[in-house]
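Okay, so here's the structure we're looking at.
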Amino acid sequence: TSKEILSQMKYNTEFMDQTIANICSYMYTNTDSSYIMNSTSKEIDINELSVILGKVAGSAILSNNYIQSICIYNSFNEKYFYTGKPLFFDDKHLKQIMLKYPNVPKLKPILRKIKNDYGTKTNEEDVLTYILYETAGTPSKIDSAIIVNVRPEWLLNNLKIINTPEKDSKSSVYVMNEKGEFIGKEKNDEAEQQWLYSEFNKNKSKELSGFFNAKLNRQKYFVTYSCIKSDGLVLFKVQPLKEIYSYFNVLRNSILGALIAFIMIAIIISIFVSRKLYKPINKLMGQITSNKQDVEYDEANKDEISYLKSVY
């Protein structure tokens, strides 16, 4: 059912979230990465920096192919050191997020853009950014931080595997954050996403999961949702109502077919059993009627038992 599918989706999402949180915590407490975060030297030896980043952050990326890149932030030098990107990669979108402190969530996925350079070509891709940091100073500011960027495709691919629709099915899954932004965009349909966001705000309940019916382009849909409060995410499964009704029709026809088959089998068995039971009586009747020809069937002898009673 849709509820069970969403429960499995929720479990997978929380598992990914916990995995990233563990990686962030490990790196934050690691002595090598802690040295980079808290160094007060104006210049850190590049060779030493590369070795430490490769050992600590590089191993995390190699063992988790859904991690796009990892960054270590040092507030003393105002430097961002990257693994999975150029060492001194200028991540403008990340810098804008860090300036929004105290409105920077800890270990919550932030949907944002990150620039990719392929030779002379430059484009941007979506990533989910997790930030673990400490604050210091008056007024307080982010003092040191571990930033892990995750490809949202990993999450979406897992959700698609769980929600493997039947052939010609038009059901789909969506992941939305608390800002109403859709992660990964399984179907690039802005109108449908805006409709879903609007209908969710109209129909959501106080419970973390639920469902509602809504209409889009004259077609009715059945929408099931599940909220992941810790991440500020909402998982959706959207199905056309007529598709659900078709499943019910198939189920109804299957039950009806099984019932008819059961009745037919019961009739055949009853005929077979009755013949088996009647055969000795019929044989006995043949023997008696051949010997007692003076007793005939009449109104008083409507059946074999009555006939036997008249004879004896």
Side-chain angles (χ1 to χ4, degrees), residues 1-13 156-174 186-187 189 192 195-196 199-200 203 205 207-226 235-312:
T1 64
S2 296
K3 188 174 181 180
E4 290 170 343
I5 289 172
L6 283 181
S7 296
Q8 185 61 47
M9 289 179 180
K10 184 177 179 180
Y11 172 80
N12 281 25
T13 305
L156 287 175
N157 290 340
N158 272 271
L159 300 187
K160 287 176 186 177
I161 291 171
I162 297 169
N163 180 50
T164 304
E166 295 182 4
K167 189 178 180 181
D168 300 325
S169 173
K170 293 184 179 180
S171 69
S172 55
V173 294
Y174 292 92
E186 181 196 358
K187 291 165 64 179
D189 190 339
E192 186 168 335
W195 162 79
L196 188 57
E199 291 296 330
F200 172 68
N203 296 283
S205 64
E207 301 296 327
L208 293 178
S209 60
F211 60 88
F212 57 86
N213 294 332
K215 186 184 287 187
L216 175 67
N217 298 329
R218 298 181 180 180
Q219 185 170 351
K220 292 183 178 180
Y221 289 89
F222 181 74
V223 181
T224 315
Y225 66 87
S226 182
L235 307 177
F236 294 99
K237 181 175 172 62
V238 181
Q239 292 175 281
L241 265 179
K242 62 180 182 181
E243 191 174 293
I244 296 175
Y245 290 151
S246 69
Y247 294 153
F248 287 145
N249 289 336
V250 170
L251 181 62
R252 182 194 63 189
N253 293 338
S254 299
I255 293 173
L256 186 60
L259 182 61
I260 292 172
F262 175 78
I263 292 172
M264 294 297 293
I265 292 171
I267 292 172
I268 293 169
I269 292 174
S270 63
I271 293 172
F272 176 77
V273 171
S274 63
R275 284 184 176 179
K276 280 283 188 181
L277 292 173
Y278 183 72
K279 191 174 180 181
I281 296 176
N282 191 39
K283 187 177 180 181
L284 178 61
M285 285 293 299
Q287 291 176 353
I288 292 173
T289 52
S290 62
N291 296 327
K292 299 286 185 178
Q293 296 182 0
D294 56 325
V295 182
E296 298 180 354
Y297 284 107
D298 53 24
E299 289 297 324
N301 302 325
K302 293 179 180 179
D303 53 48
E304 289 82 353
I305 303 301
S306 299
Y307 178 75
L308 291 173
K309 183 179 179 182
S310 299
V311 172
Y312 297 101

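Numbering starts at 1 and runs along the sequence shown.
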Nearest heavy-atom pair of L208 and K10: which atoms, and what distance?
->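 The answer is CD1-NZ, 4.4 Å.
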Output all residues satisfying side chain to side chain donor-acceptor pair (under 3.5 Å) with N213, sequence neighbours left out; order by chain, then residue number.
->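 Result, side chain to side chain donor-acceptor pair (under 3.5 Å) vs N213: none returned.
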What is the ring orientation for F212 with Y225, classed by angle as parallel under 30°, tilted 30 to 60°, or perpendicular over 60°?
->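 Tilted.
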Atom pair CH2/OH of W195 and Y221 - distance to nearest 0.5 Å |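 Answer rounded to 0.5 Å: 6.5 Å.
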Atom OG in S172, atom CD in Q239: separation rounded to 0.5 Å?
->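 That separation rounds to 9.0 Å.
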Partners passing side chain to side chain contact (heavy atoms under 4.5 Å, CB included) against I269 (at least two apart in sequence or in another chain) =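 Partners of I269 under the side chain to side chain contact (heavy atoms under 4.5 Å, CB included) test: I265, V273.
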